[in-house]
Amino acid sequence: MNSVILTHHNPIDLELTLNSGQAFRWIRNGNLFEGVLGDSLVTLQDKGESIEVINWDSDTECILKHLRRYFRLDDRWEEILETLGRDMHVAEALLRYQGLRLLKQDPWETLIAFVTSSVSSIAKVSYCLEGLCQQFGRRLNFGTSARCAFPTPYELARASEKELRSVGLGFRARYVKEIAGYIADSEIDLEFLQDLPYDNAKEWLMGLPGIGPKVADCVLLYSLDKTEAFPVDRWIERVLLNWYPAYKRRWTRDTHKWAVEYFGKYAGYAELYLFQHIRTDSKQRNR
DNA sequence: CCACGGCCTGATTC
DNA sequence: AGAATCAGGCCGT
């Protein structure tokens, strides 16, 4: 077992970030967060100015490098703050949810996660994904902990639709099977999408079954470095209608286009913060 | 192009 | 308690 320190200059709130609806497999245990990155299990603990990383992998340099990318520590934070801070609502959210970060996750896992998220709840997505991992992923044992790796395209392609339904995927099981089959057969590494312009990458993703504009944008934003992606779900649609008269008066139905024109190339960050804002507000109202 | 119903299923609401 | 409704969409008509 190793313990290493991940240093960062700008705030990271683990609780906020890992439960913001970007990632679904982190497990909180007190103030520890346990997750699976590739084939390694890591436990994170907030130390204020840094994060302590406990892991069972021999190559700690590799883990640190992975985490630096995962939390996007090389983003130009000042530029992001300056660009987005011009909008009143986003500025408020940036302040209120300090430490909420965009993640860069594995594209394959993110793709399946957001296909699963369609007309579902975060709790259910977590449940389904954990089921997928336990049924079809490789078992990983680390000391006293045991988790499972996210199944590869091959592992999911081999599963029957019925087996996939057994973990609670419902009508999404067919999408998962078809996508896994296609990716496995063509031996595609989804990272290639990172080198494509946003529009082309989105178009490619939307060619897959079960992937429309919203899911495609989630995959692009949360795993492929496309910060101009702006996932529009019912919450965000509501936010824009309620808070942005300029949007309400719009002549186009293309919400994404409006958002990028309005928020700029970091529109995805704006979405992340606005989503957190509306979700927290609505939780508090129901209390 | 737009509008609409159907889709699995667990949780929440009435 | 049991039935309706909803939940971070997408697809076919």
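Reckoned from all heavy atoms, side chains included, excluding hydrogens, waters and symmetry mates. A, B, ... follow the sequence lines: proteins, then strands. Residue 1 opens every chain.
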Please give, in whole Å, the distance from [N] [atom2] to [X] [atom1]?
X      : N      : atom1 : atom2 : answer
A/L205 : C/dC11 : CG    : P     : 12 Å
A/K162 : B/dC8  : NZ    : P     : 15 Å
A/K124 : B/dC7  : NZ    : C1'   : 11 Å
A/K177 : B/dC8  : NZ    : C1'   : 18 Å
A/R174 : B/dT9  : CZ    : C1'   : 16 Å
A/W235 : C/dG9  : CH2   : P     : 10 Å
A/L169 : C/dA7  : CG    : C1'   : 15 Å
A/L164 : B/dT9  : CG    : C1'   : 15 Å

For [N] and [M], measure between their [atom1] atoms and round to the nearest Å.
N      : M     : atom1 : result
B/dC2  : C/dG8 : P     : 26 Å
B/dC4  : C/dC6 : P     : 16 Å
C/dT5  : B/dG5 : C1'   : 16 Å
C/dT13 : B/dC8 : P     : 15 Å

Listed nucleotide nearest any side-chain atom of [X], set [options]:
X      : options              : answer
A/Y175 : C/dC11, B/dC8, C/dG9 : C/dC11
A/F171 : C/dG8, B/dC7, C/dC10 : B/dC7
A/R165 : B/dC8, C/dC10, C/dG8 : B/dC8

Check: Is any side-chain nitrogen or oxygen of A/R234 closer than 4.0 Å to OP1 or OP2 of C/dG9?
Finding: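 So the side-chain polar atoms of A/R234 do come within 4.0 Å of the phosphate oxygens OP1 or OP2 of C/dG9, strictly under.
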Base, sugar-phosphate, or nothing for [X], non-hydrogen atoms under 4.0 angstrom?
X      : result
A/R172 : base
A/V119 : base
A/Y222 : base
A/S20  : base
A/G212 : sugar-phosphate
A/P231 : nothing
A/I211 : sugar-phosphate

Could you measure the distance from the [atom1] atom of [X] to the [atom2] atom of [Y]? Nearest 0.5 Å is fine.
X      : Y      : atom1 : atom2 : value
A/L156 : A/I183 : CG    : CD1   : 11.0 Å
A/E82  : A/Y266 : CD    : OH    : 10.5 Å
A/R147 : A/R138 : CZ    : CZ    : 14.5 Å

Item checked: Nucleotide opposite C/dT5 in a Watson-Crick or G-U pair, distances under 3.5 Å ->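 C/dT5 is paired, partner B/dA11.
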Margin query: Both distances below 3.5 Å, Watson-Crick or wobble geometry, any strand: find the nucleotide opposite B/dG5.
Written below: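 Across any shown strand, B/dG5 pairs with C/dC11.
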Next item on the list: Decide yes or no, distance alone: a donor-acceptor N/O pair under 3.5 angstrom between the base of C/dG9 and the side-chain of A/K214.
Entry: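 Such a pair does not exist between side chain and base.
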Margin query: Check this for me, if you would: do A/K65 and A/E61 make a salt bridge, where the nitrogen-to-carboxylate-oxygen distance has to be below 4.0 angstrom?
Written below: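 No, A/K65 and A/E61 are not salt-bridged.
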Note to self: Both A/S117 and A/L208 contact DNA chain C. Which one's nearest nucleotide lies toward the 5' end?
What the structure shows: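 Comparing both residues, the 5'-ward one is A/S117.
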Checklist line | Aromatic ring pairing A/F263/A/F230, orientation class (parallel under 30°, perpendicular over 60°, tilted between) | finding: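 Geometry flag for A/F230 against A/F263: parallel rings.
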Margin query: Check this for me: A/E203, atom CD, are more than 12 non-hydrogen atoms of other residues, nucleotides or ligands nearer than 6.0 Å?
Written below: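 Atom CD in A/E203 is not crowded, with 12 or fewer foreign heavy atoms closer than 6.0 Å.
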Notebook entry, point to check: Between A/V36 and A/G38, which heavy-atom pair has the shortest distance, and what is it?
Noted result: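 Nearest heavy atoms, A/V36 then A/G38: CG1-O, 3.3 Å.
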